[in-house]
Undergrad: 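Starting off with a structure, shown below.
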Amino acid sequence: MTTPRPAHDAAPPRGCPAHADARTVERLYGPEFAADPMASYTRLRAQGSVSPVEIAPGVRASLVVGYDTALEVLRSPERFSKDPRRWRALADGTVPADSPVVPMMAYRPNALWTDGDEHSRLRGAITDSLGRVDPDALTRHVEHSADTLIDRIGPKGRADLLHEYGAVLPLLVFNQLFGCPPATGDKLVEGMSGIFDADAGSEKANAVLAEGVAELVALKRAKPGPDVTSWLMAHPAGLTDEEMAHQLVVLMGAGTAPQLNLICNGLRLLLSDDRFAGDLARGTMPVEDAIDEVLWTDPPMANYAVHYPIYDQELDGTLVCEGEPILISLAAANTDPGLGGERRTGNRAHLAWSAGPHSCPAKGPARVIAAVALEKLLDRLPNIELEIPVEKLEWRQGPFHRALAGLPVRFPPISRT
């Protein structure tokens, strides 16, 4: 049963995160949350599968931490919309337009923030264009890009793999797949990285991102090629320049910062967890197992998949109100104690790629890129190890991603291939 929508002049119903609630409001930002998000998720679970949170100063939302409840939201487009134009607090100015989380949550005319027929049209253009990518060619390009980067760091015997490998490799792959010149790619990465951090520089980063995608769209209108950007432009969906720019933002968002996080979180696990480190010492590469583990326990996007209730309703006993944002904690849902604590090797039922009509359309290529990046690095630097204890690694702040700030390593120097 759903709760009837109240009249506009009625008192706000209890349970809406924008109003008084007896439950504790957990902050999903700041150094404490970045260092130990699982502690926050544990406290939230004690309050139920849906709890009030603050994702930036003065910005309230509900966070779903239960696996089954997350699936209920993700698979119910008739009850929960993706369209941020429904966000009441942003529309009425309660949340200022320059809030650091707005660039990651505000409406853009893309497949991520649309519903129904418009979503089908835009997503169809994306999936059809990505479907033209040759998996073997992708693998070869990732291998070549990885070798190029390893040749740079190999003779030095030490590196920050986040900045010198994990951050650069997805950019090289993106530039190749999307026909993007390196200078424009630099702008795209700078802008996208900035809005993921959701800090004071988010607004400026959003402007840099917009500049970069506009450059790429103009370039491909003038000179199309055998690349995803050109295929999108030629798709029967007939995307306008504005729609092209916003589809590219979605694809850039999925293909760079989260890809960096998946690669580096995977390397962190492989180099620090005895279950995997022991296999490496014996010369085997449990890369696929490590990727599964990361996608379950440290997914690149920890809290996102934003939805808006279409009407006031109960969600697992909690009243959620029309126009109030609901975030899915992909990390908390994946580690829901109700799922059991067994090792999930080979189990792909995690929510790291989301689920339902808005599940990630590029999860296949993303996994290929991460697996090849890890295998190539471990093959060429077999004696690599963390330069500092794993517990000393720092995590970047922000409510949305699970992202290391650095990944310093050392290894016996090698010569270039």
Side-chain angles (χ1 to χ4, degrees), residues 2-30 32-33 40 43-44 47-48 50-65 73 79-110 112-115 194-207 209-210 246 249 253 301-315 318-329 397-401:
T2 58
T3 305
R5 184 186 306 182
H8 287 297
D9 57 355
R14 291 187 71 252
C16 293
H19 306 293
D21 193 314
R23 296 171 297 171
T24 301
V25 178
E26 195 77 23
R27 289 183 175 180
L28 302 191
Y29 58 92
E32 182 180 350
F33 175 73
S40 294
R43 291 191 292 267
L44 287 166
Q47 302 184 140
V50 186
S51 286
V53 294
E54 190 174 62
I55 57 177
V59 182
R60 293 288 187 90
S62 290
L63 187 71
V64 175
V65 296
V73 174
R79 295 168 56 196
F80 301 97
S81 170
K82 289 288 292 178
D83 192 335
R85 290 172 294 186
R86 294 178 176 269
W87 187 3
R88 286 187 174 184
L90 182 63
D92 67 17
T94 302
V95 172
D98 62 355
S99 171
V101 295
V102 166
M104 284 287 287
M105 295 176 64
Y107 174 75
R108 302 175 194 263
N110 62 33
L112 182 62
W113 298 130
T114 50
D115 301 312
I195 68 172
F196 270 97
D197 285 341
D199 59 20
S202 293
E203 192 172 13
K204 179 181 178 182
N206 197 37
L209 179 62
H246 289 294
V249 168
M301 294 300 292
N303 307 294
Y304 202 45
V306 188
H307 286 72
Y308 300 86
I310 294 174
Y311 48 81
D312 298 348
Q313 56 187 287
E314 282 196 357
L315 181 60
T318 295
L319 181 62
V320 291
C321 295
E322 176 189 3
E324 298 290 352
I326 297 175
L327 276 67
I328 306 298
S329 180
Q397 298 181 37
F400 305 119
H401 57 189

Undergrad: Which label fits Y308 and W87: parallel for a plane angle under 30°, tilted from 30 to 60°, or perpendicular past 60°?
TA: tilted
Undergrad: Below 4.5 Å, heavy atoms only, C-beta onward: do Q47 and V65 meet side chain to side chain?
TA: no
Undergrad: Rounded to the nearest 0.5 Å, what separation is found between the OG atom of S40 and the CZ atom of R27?
TA: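 If I round to the nearest 0.5 Å, the distance is 11.5 Å.
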Undergrad: What do the steps show when you test M104 against Y304 for side chain to side chain contact (heavy atoms under 4.5 Å, CB included), and what is the final call?
TA: CA-CA 9 Å; M104 284 287 287; Y304 202 45; 3.8 Å; yes
Undergrad: Hey, what do you get for OH (Y107) to NE2 (H246), rounding to the nearest 0.5 Å?
TA: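 With rounding to 0.5 Å, OH (Y107) is 8.0 Å from NE2 (H246).
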Undergrad: So, for I55 and V101, which heavy atoms are closest and what is the spacing to 0.1 Å?
TA: O-CG1, 3.7 Å
Undergrad: Answer whether the closest heavy-atom distance between the side chains of N303 and F33 falls below 4.5 Å.
TA: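 Answer yes - side chains close enough.
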Undergrad: With heavy-atom distances below 4.5 Å as the criterion, would you say the side chains of F400 and M301 are in contact?
TA: yes
Undergrad: Between V50 and R23, which heavy-atom pair has the shortest distance, and what is it?
TA: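 Minimum heavy-atom contact is O-NH1, 2.7 Å.
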Undergrad: To the nearest 0.5 Å, how far apart are CG in L63 and CD1 in I328?
TA: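 Reported value, rounded in 0.5 Å steps: 8.0 Å.
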Undergrad: Which heavy atom of S51 sits nearest to which heavy atom of G48, and what is that distance?
TA: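 Where S51 meets G48 most closely, the heavy atoms are OG-O, 4.0 Å.
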Undergrad: Counting C-beta onward and ignoring hydrogens, is there a side-chain heavy-atom pair between Q313 and V320 closer than 4.5 Å?
TA: yes
Undergrad: Give a yes or no on whether the backbone of P103 and the side-chain of R108 come within a donor-acceptor separation of less than 3.5 Å.
TA: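 Between the backbone of P103 and the side chain of R108 there is a qualifying donor-acceptor contact (under 3.5 Å).
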Undergrad: For S81 and D83, which heavy atoms make the closest approach, and how far apart are they?
TA: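 For S81 and D83, the tightest heavy-atom pair comes out as OG-N, 3.0 Å.
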Undergrad: Between R79 and I310, is a side chain to side chain contact (heavy atoms under 4.5 Å, CB included) present by the stated rule, with each step listed?
TA: CA-CA 6 Å; R79 295 168 56 196; I310 294 174; 5.6 Å; no
Undergrad: With side chain to side chain contact (heavy atoms under 4.5 Å, CB included) as the test, would you mind laying out the steps for E26 and E54 before giving the verdict?
TA: CA-CA 6 Å; E26 195 77 23; E54 190 174 62; over 6 Å; no
Undergrad: Where do V53 and V25 come nearest, in terms of heavy atoms and distance?
TA: C-CG1, 3.6 Å
Undergrad: Nearest 0.5 angstrom please: S329 OG to L28 CG, how far?
TA: 8.0 Å
Undergrad: Could you tell me which non-hydrogen atom of L90 sits nearest to which non-hydrogen atom of A97, and how far apart they are?
TA: CD1-CA, 4.4 Å
